[in-house]
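These notes concern the structure reproduced below.
Side chains are part of it too, since the values below use all heavy atoms of this structure and drop only hydrogens, waters and symmetry mates. No experiment lies behind these values; they were computed from the predicted model shown.
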Amino acid sequence: QVQLVESGGGLVQSGGPLRLSCIASGTASGFTLDYYAIGWFRQAPGKEREGITCTSSFGGSTNYADSVKGRFRLSRDNPKNTVYLQLNNLKPEDTAVYYCAIDPKYGSSCPGEYNYWGQGTQVTVSS
């Protein structure tokens, strides 16, 4: 079992930044986030869920959707079992609930098969 908790969402003006956090914990002894692929997704009202970025295990590749490339950046703090999503130059169309998810297979890579999801954090960008 893995638990993911997102935080850092809020209301921001267009062009502003936010940093989202995703803290992971596992029931297994010695749970280590670096072993697994992590993805960030978002879902806006009335729209389908969109995958926006994914990072593979053990410092592997990180991919970004075209809609966020150059503006969002994913990073890991492995000792803290935390993944961050830095959101820069936000636009009103970035308004959505943002979720992190984990592929719990050892050595997993993107795009990942995500079995565990956080509860989401709301990002609202005003024009």
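Here the CG-CG distance, from Leu87 to Leu74, works out to 10.5 Å after rounding to the nearest 0.5 Å. Rounded to the nearest 0.5 Å, atoms CZ (Arg19) and CZ (Arg73) are 9.5 Å apart. Note that CH2 of Trp40 is 13.5 Å distant from OG1 of Thr62, once rounded to the nearest 0.5 Å. With values rounded to the nearest 0.5 angstrom, Thr53 atom OG1 is found 13.0 Å from Gln86 atom CD. Atoms CD1 and OH, on Ile102 and Tyr35 in that order, are 12.0 Å from each other to the nearest 0.5 Å. In this structure, Asn115 CG and Gln1 CD are separated by 10.0 Å, a value rounded to the nearest 0.5 Å.
Under the 3.5 Å distance criterion, the side-chain polar atoms of Ser56 are matched with a main-chain donor or acceptor of Cys110. Distance alone, capped at 3.5 Å, places no donor-acceptor pair between the Thr124 side chain and the Thr95 backbone. Without hydrogens or angle criteria, Asn81 side chain to Ser25 main chain gives no donor-acceptor distance under 3.5 Å.
Nearest heavy atoms, Leu18 versus Val12: CD1-CG1, 4.1 Å. Shortest non-hydrogen contact noted between Gln119 and Tyr99 is O-CE2, 3.5 Å.
A salt bridge links Lys69 with Asp66: at least one charged nitrogen is closer than 4.0 Å to a carboxylate oxygen.
Tyr114 pairs by the ring-ring contact (aromatic ring centres under 6.0 Å, His included) definition with Phe41, not counting sequence neighbours. Residues forming a salt bridge (Lys or Arg N to Asp or Glu O under 4.0 Å) with Glu93 (at least two apart in sequence, or on another chain): none.
Within 6.0 Å of atom CD in Glu50, more than 12 heavy atoms from other residues, nucleotides or ligands are found, so the atom counts as buried in its surroundings.
Among residue pairs with one or both ends in residues 100-111, those qualifying as side chain to side chain donor-acceptor pair (under 3.5 Å) are Asp103-Lys105; sequence neighbours excluded.
Of the options Phe58, Phe31, Tyr116, a ring-ring contact (aromatic ring centres under 6.0 Å, His included) to Tyr36 is made by Phe31 and by none of the others.
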